[in-house]
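Nothing here was measured: the structure is a model prediction, and the numbers come from that model.
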Amino acid sequence: MVLLQLDPFLNELTSMFEHTTEKGSVWVTLKRSSLKSKLQRNKMANGGQTEYRCLIRATDGKKTISTSVGAKDHQRFQASYATILKAHMTALKKRERKDKKKAAVNDKKEGVAKKPKRA
Amino acid sequence: MVYITSWDEFVERSVQLFRADPDSTRYVMKYRNCDGKLVLKVTDNRECLKFKTDQAQDAKKMEKLNNIFFTLMARGPDADVSEVTGKEPMDAQPTKKGRGRKQ
């Protein structure tokens with residue numbers, strides 16, 4: 001499990017998407033975690049400071065990378081992450097409204113045609 | 001595995017799940033380019049909600065959900081989450097209107 005800084009993490013994530021174009025999956029997990037031991041957490045809770053960090057992990061089944069994002073970096077990470085996803089999720093189907101309308105019209109016509117035949 | 005068919009229901013239940021137990025709730029995304037499939041999972045290790053799709057329009061909706069989760073996780077579960085993306089810009093606009101010298 002490799003813990004990286006934000007930018008290297010994004011670069012590695014991009015290369016994972018590129019490697020799995022023909023075969024394989026990419027898993028990305030998001031979880032809130034301050035990455036500290038119980039003692040430190042108890043001290044922090046008593047002191048009144050609760051620092052929130054988001055742990056982000058990514059794997060392609062073979063290699064796992066991770067990074068931790070705090071409130072300051074999360075906006076920047078969010079934007080870069082969204083860009084990477086948009087760029088790589090090209091295999092999803094685009095719903096064409098024209099096809100849907102044609103299918104709906106065809107179904108209606110078949111429905112009307114069937115009824116008189118049965119009668 | 002509980003697959004939810006309605007996107008809005010999935011979003012509402014996942015946010016509820018997170019707010020109920022922020023320390024053990026996690027959000028997992030699996031994307032397979034070769035199959036053209038995207039699967040989302042939100043679980044707190046007791047209950048599991050899943051959503052699968054092969055539609056490009058759902059990828060856009062997922063991005064908004066990503067933003068919601070990032071905000072909740074990085075800023076704390078009580079953070080004000082507006083499901084519309086116009087959260088930060090709304091704060092910035094009033095200050096810009098105040099100056100208006102370039103007109």
Are any non-hydrogen side-chain atoms of Leu38(B) and Met89(A) less than 4.5 angstrom apart? yes

Nearest atoms (heavy-atom pairs only) where [X] meets [Y]:
X	Y	answer
Thr53(B)	Leu92(A)	O-CD2, 4.2 Å
Asp23(B)	Lys31(A)	O-CE, 3.2 Å
Cys54(A)	Met73(B)	SG-SD, 3.5 Å

Look up atom [atom1] in [X] and atom [atom2] in [Y], then write down how far apart they are to the nearest 0.5 Å.
X	Y	atom1	atom2	value
His88(A)	Asn33(B)	NE2	CG	8.5 Å
Phe17(A)	Tyr31(B)	CZ	OH	7.5 Å
Leu72(B)	Tyr52(A)	CG	OH	11.0 Å
Lys41(B)	Thr29(A)	NZ	OG1	8.5 Å

Applying a strict 4.5 Å limit to non-hydrogen atoms, the region of Thr20(A) in contact with chain B is backbone

Given heavy-atom pairs under 4.5 angstrom as the criterion, report whether the side chain, backbone, both or neither of Lys72(A) touches chain B. neither

Just so I understand: if I count every heavy-atom pair under 4.5 Å between each of Val28(A), Leu85(A), Ile56(A), Thr90(A) and chain B, which residue has the most? Val28(A)

Can you tell me which of Gln78(A), Lys86(A), Lys23(A), Glu22(A) forms the most heavy-atom pairs within a distance under 4.5 Å of chain B? Gln78(A)

Should the pair Tyr81(A) and Phe70(B) be assigned to parallel (<30°), tilted (30 to 60°) or perpendicular (>60°) ring geometry? perpendicular

Pair Lys30(B), Val26(A) - check side-chain contact (heavy atoms from CB on, under 4.5 Å), show working. CA-CA 6 Å; Lys30(B) 172 170 127 178; Val26(A) 178; over 6 Å; no

Taking side chain as everything from C-beta outward and backbone as N, CA, C, O, which of these in Lys37(B) sits under 4.5 Å from a heavy atom of chain A? Side chain, backbone, both or neither. backbone

Checking Glu63(B) against chain A: side chain, backbone, both or neither under 4.5 Å from a heavy atom? side chain

So if you build clusters from Ile, Leu, Val, Met, Phe, Trp, Tyr with side-chain heavy-atom gaps below 4.5 Å, do Ile4(B) and Val11(B) land together? yes

Is there a path from Trp27(A) to Val69(A) through hydrophobic residues (I, L, V, M, F, W, Y) whose side chains come within less than 4.5 Å of each other? no

Which of the residues Asp58(B), Val28(B), Asp35(B), Asp54(B) is involved in the greatest number of heavy-atom pairs with chain A at under 4.5 angstrom? Asp54(B)

Just give me the residue among Met29(B), Lys60(B), Gln57(B), Met62(B) that pairs up with chain A most often, heavy atom to heavy atom, under 4.5 Å. Met29(B)

Is atom CZ of Arg26(B) surrounded by more than 12 heavy atoms (other residues, nucleotides or ligands) closer than 6.0 Å? yes

